[in-house]
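These notes concern the structure reproduced below.
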Number of protein chains: 4
Amino acid sequence: MAKRETSTRQAILKAAIEIAGESGITAATMDDIAVRAGVAKGSLYYNFASKDEIFATVLQQALVRLTERFELAVEGKTGVDAMRALVEVFLERIVNDTALIKIVAAEIFRTDRSWVVPFGIARDSALAVFERAIKEIGEERGSPTPQPKLLASAAFGAVLVAGLEWSVFEPETPRTVVTDTLIDPVIRLFLS
Amino acid sequence: MAKRETSTRQAILKAAIEIAGESGITAATMDDIAVRAGVAKGSLYYNFASKDEIFATVLQQALVRLTERFELAVEGKTGVDAMRALVEVFLERIVNDTALIKIVAAEIFRTDRSWVVPFGIARDSALAVFERAIKEIGEERGSPTPQPKLLASAAFGAVLVAGLEWSVFEPETPRTVVTDTLIDPVIRLFLS
Amino acid sequence: MAKRETSTRQAILKAAIEIAGESGITAATMDDIAVRAGVAKGSLYYNFASKDEIFATVLQQALVRLTERFELAVEGKTGVDAMRALVEVFLERIVNDTALIKIVAAEIFRTDRSWVVPFGIARDSALAVFERAIKEIGEERGSPTPQPKLLASAAFGAVLVAGLEWSVFEPETPRTVVTDTLIDPVIRLFLS
Amino acid sequence: MAKRETSTRQAILKAAIEIAGESGITAATMDDIAVRAGVAKGSLYYNFASKDEIFATVLQQALVRLTERFELAVEGKTGVDAMRALVEVFLERIVNDTALIKIVAAEIFRTDRSWVVPFGIARDSALAVFERAIKEIGEERGSPTPQPKLLASAAFGAVLVAGLEWSVFEPETPRTVVTDTLIDPVIRLFLS
DNA sequence: GATGAATGAGTGTTCATTCAT
DNA sequence: AATGAATGAACACTCATTCAT
C-alpha cells in the first residue's frame with residue numbers, strides 16, 4: 001500500500017499542493033503540475049495512476065501528518081494544556097502550509113470524491129485529538145462535556161477559519177498576536 | 001446592476017446552487033445546470049453572460065441574503081443576545097440551505113476567482129454583523145475586546161464547520177441539540 | 001434506439017469509414033475523422049457518445065445493409081440461382097464499398113470490442129442468407145448438405161478474400177472477369 | 001538480415017503474437033508485451049529496433065513458416081492430392097495457432113503498414129503454393145484453369161474464414177468434422 | 001545483455017461559448 | 001424570450017521511445 005516516496009513523487013506532490021492551493025483541485029491541471037514539478041507530464045502518470053490518485057495521496061498525507069503533529073503537540077499534556085498546544089500547532093501549520101490547509105478546507109465537506117472514505121477516516125483521526133482534549137477538560141472540571149465531537153468540530157473550525165483569514169488576507173499580523181488572541185477564547189469554548 | 005429576477009433566472013440560479021453544492025463550482029457544467037433548470041443551454045446565455053456571472057450572482061446573493069438574515073436576527077438586540085440570535089439563525093441557514101453554504105465555504109479562501117472583490121465585500125458585510133455583536137459584548141463588560149475581526153472569523157468558523165459537520169455527516173441529530181450545544185460555548189468565546 | 005440520421009451524422013459515419021478503411025479502426029483518430037467529415041471535433045461528440053459508438057454504428061449499419069442487399073438479391077430465387085445472385089451482389093459491394101468491407105473483414109474475428117454482441121448478431125444475419133441458399137441447394141438435389149453454417153462461412157470467405165484481393169491489389173481486372181471466374185467454383189462448393 | 005533468435009527474442013515474439021491476437025496490433029502496447037514476455041520494457045528495444053520491427057518479424061515469420069508447412073505438406077503430391085493436404089495443414093495451423101492467424105487475417109488487406117512490401121511478398125509465396133496445386137489440377141484434367149491466382153485467394157479465403165469461424169466461435173466442434181466438411185467442397189472449387 | 005524511470009507527442013473526451021433560427 | 005446544433009481550446013491520459021545505469 002505505502003509507495004516508497006521517491007524524490008520525483010515528492011516533487012509532484014509538492015507541485016500539486018502548490019497549484020491546488022492557488023486554484024482548487026479541479027482547476028489544477030496535470031500540465032501545470034508537471035511544469036511546476038519540473039518533470040514531463042508522462043512522469044506524473046509513471047508515478048501516479050491518475051490525477052485523483054495524486055490528490056487522494058495529498059489529502060491523505062496532509063491529514064496524517066497534521067494528526068501526527070497534533071499527537072506530538074499533546075504528548076505529555078492533558079485537558080486545557082493539550083488544547084492550548086493544539087491551537088498553537090494548528091496555527092503554525094496554517095501559516096507555514098497555507099496551500100495545503102486551503103485544500104483540506106475546501107475538500108472537507110465534499111462527498112463526491114473518489115477519496116471520501118480514506119479522507120473521512122483521516123479527518124476523524126485529526127478531530128479525535130481535539131475531542132480527547134475536550135473530554136479531558138470536562139473530566140478535569142468534574143462535569144463531562146456534552147457532544148464532544150460537535151465541539152471538536154467547532155474548535156477546529158474556529159481555528160481553521162480564523163487562521164486562514166489571517167494567513168490569506170492579513171498575513172502581516174504577527175503570529176503571536178493571532179495565537180494570543182485565539183487561545184484563551186478557544187479554551188473558553190469548553191469551560192461550561 | 002440589479003437584473004430583474006425572472007422565473008427563468010431564478011430556476012437557473014437554483015439549479016446552479018444544487019449542482020455546485022453537490023460537486024463544486026468548477027465541476028458544475030452548464031449542461032448539468034440547464035438540464036436541472038429545465039431550460040435549453042442557450043437560455044443560460046440569454047439570461048447570464050457566462051458561467052462566472054452565474055456563480056458570481058449565486059455567491060453575491062448568498063452572502064447578501066445571509067447578511068440580511070443576520071441583520072434581521074439582531075434587530076433590537078445587542079451584545080450577548082445578538083450573538084445568540086446570530087448563532088441560531090446561522091445554524092438554521094446551514095441546515096436549510098446546505099448546498100449554498102457548502103459553496104460559500106469552499107469559495108471563502110479562494111483568491112483566483114473573477115468575483116473575488118464583490119465576494120470579499122459581501123463576506124466582510126456578513127462578518128461585520130458578528131464583529132459588531134462582539135464589540136458590544138466587550139462594551140457591556142467594560143473591557144473592549146481585542147482583535148474583534150479575528151474573533152468574528154473564529155465564531156463564524158466555529159458555527160460554520162460544526163454546523164456543516166452536523167448537516168452533512170450527522171443530519172439525524174435534532175437542530176435543538178446542536179443549537180443548545182453550540183450557543184453557550186460560542187458566547188463564551190468572547191467573555192474574556 | 002434508432003437515431004435520426006442527420007446529414008452531420010452521415011458525414012461523420014462516411015468519414016469514419018473512409019479513414020478506418022485506410023488504416024484500421026484503432027489507428028483512425030477522431031481528429032482525422034473530424035477533418036475528413038468537415039466538422040469540428042466537438043461535433044463528433046455532439047452526435048456520438050464516443051469513438052466506440054461511431055464504429056459500432058458503422059459496423060452495425062454495414063452488416064444490416066449488406067444483409068438487406070443479400071435479401072433483395074435472393075428475392076424470388078432459390079438454391080443455385082440464389083447463391084449465384086449472392087456472389088454477384090457481394091462482389092459488387094466489395095468493389096463499390098471496399099473501405100467498409102475491409103473494416104468488416106478486419107473486425108470479423110475480434111472478440112475484444114464493445115460491439116461484439118450486436119456485431120455478432122448482425123454477422124449471423126448476413127451469413128444466414130448464405131446458409132439458407134446452401135440448404136436449398138441440398139434440398140433441390142435431394143441430399144441435405146451437412147454443416148451448412150460452416151459452408152456458409154467458407155463461401156462468404158472465398159468471395160470476401162478473392163474479392164478484396166482483386167479490389168485492393170488488382171483493381172484493373174474487370175468485374176465481369178472476377179464474377180465469371182468465381183460464380184461457378186463457389187456454386188460447386190455445394191454440389192456434393 | 002536474419003538475427004539470431006535468442007530465447008529473449010523468442011519470448012518477446014511469442015508475447016507479441018498472444019497480445020495482438022487478442023486485441024490487434026495497434027492496440028497491443030509495448031508494456032503489455034514486456035509484461036507478458038516477462039522482460040523489462042528496455043529489453044524490447046535492446047532486441048528490436050521498434051514495435052514495427054517486432055510485428056514485421058511476427059508477420060514475416062508467420063507467413064514464412066506457414067509457407068514452409070504448405071511446402072512440406074504438398075511434398076511428393078500434385079493436383080487434387082496436394083490441395084487436399086493444403087486444406088488439412090491450413091486448418092491444423094488455424095486451430096493450433098489461432099492468435100497468429102487472426103493477426104495475419106487482419107493485416108492481409110492493409111496497405112498502410114511499414115511492412116507492406118515484405119509482407120506482400122511473403123503472402124504471395126504462401127498463395128503460390130495454392131496456385132501451383134490449382135494449376136496442376138487443371139493440367140490433370142486437360143483444361144488449364146483460368147485465373148488461378150484469383151482462385152487461390154478464394155480457396156485460401158474459404159479455409160481461412162471457415163477455419164477461424166470454427167476456431168474462434170465454435171471451438172468445440174472436432175477438427176475431423178471441419179476437415180471432412182471442407183476438403184471436398186474446396187477441391188470441387190477447381191473441378192470446372 | 002538488460003533494466004526501468006523518464007519523456008513528450010499524440011489520443012479520446014469535455015465543456016464554456018456562439019449563433020442561426 | 002428561447003433554442004440546440006456546432007465549435008475548438010483545453011483537459012486527463014496513453015504509449016512508443018530514450019538513456020543512464
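Throughout, protein chains are lettered first and strands after them, A, B, ... in sequence-line order, and every chain is numbered starting at 1.
- Summarising the geometry, the separation between CZ on Phe48(A) and C1' on dA12(F) is reported as 16 Å, rounded to the nearest angstrom.
- What separates CG of Asp32(C) from C1' of dA9(E) is a distance of 15 Å, to the nearest Å.
- Figure legend: Arg113(B) and Phe119(B) shown without cation-pi pairing, the cationic atom not lying both under 6.0 angstrom from the six-membered ring centre and within 45 degrees of its axis.
- Contact between the side-chain N/O atoms of Thr8(A) and the OP1/OP2 oxygens of dA6(E) is found at a separation under 4.0 Å.
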Inset, instruction - Produce a footprint string for nucleotides 13-21 of chain F: one letter per nucleotide, 5' end first; B if the base is under 4.0 Å from any protein heavy atom, S if only the sugar-phosphate is, - if neither. - result: BBSBBB---

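- Shown here, dT21(E) forms a base pair with dA2(F); the pair counts as Watson-Crick or G-U wobble because both key distances fall under 3.5 Å.
- Within the structure, every side-chain polar atom (N or O) of Asn47(D) is placed at least 4.0 Å from both OP1 and OP2 of dG1(E).
- Considering CD1 of Ile25(B) and CD of Glu107(B), their distance stands at 3.5 Å, rounded to 0.5 Å.
- Listed by chain and number, the residues in a side chain to side chain contact (heavy atoms under 4.5 Å, CB included) with Val35(B) amount to none (sequence neighbours excluded).
- One interatomic measurement links the two molecules: CD1 of Ile33(B) to P of dC15(E), which rounds to 11 Å at whole-angstrom precision.
- In this model, no donor atom of one side chain and acceptor atom of the other lie less than 3.5 Å apart for Thr8(B) and Asn47(B).
- Annotation: cation-pi geometry satisfied between Arg123(D) and Phe169(C) (NZ/CZ under 6.0 angstrom from ring centroid, within 45° of ring axis).
- Pairing for dC11(F) goes to dG12(E), judged as Watson-Crick or G-U wobble with the two contacts each under 3.5 Å.
- Between Ser43(A) and Leu44(D), the residue anchored closer to the 5' end of DNA chain E is Leu44(D), taking for each the nucleotide with the nearest heavy atom.
- Between the side chains of Thr98(B) and Ser167(B), at least one donor N or O lies within less than 3.5 Å of an accepting N or O.
- Residue-to-nucleotide proximity on DNA chain F shows that, of Gly38(B) and Ala40(C), the 5′-proximal contact is made by Gly38(B).
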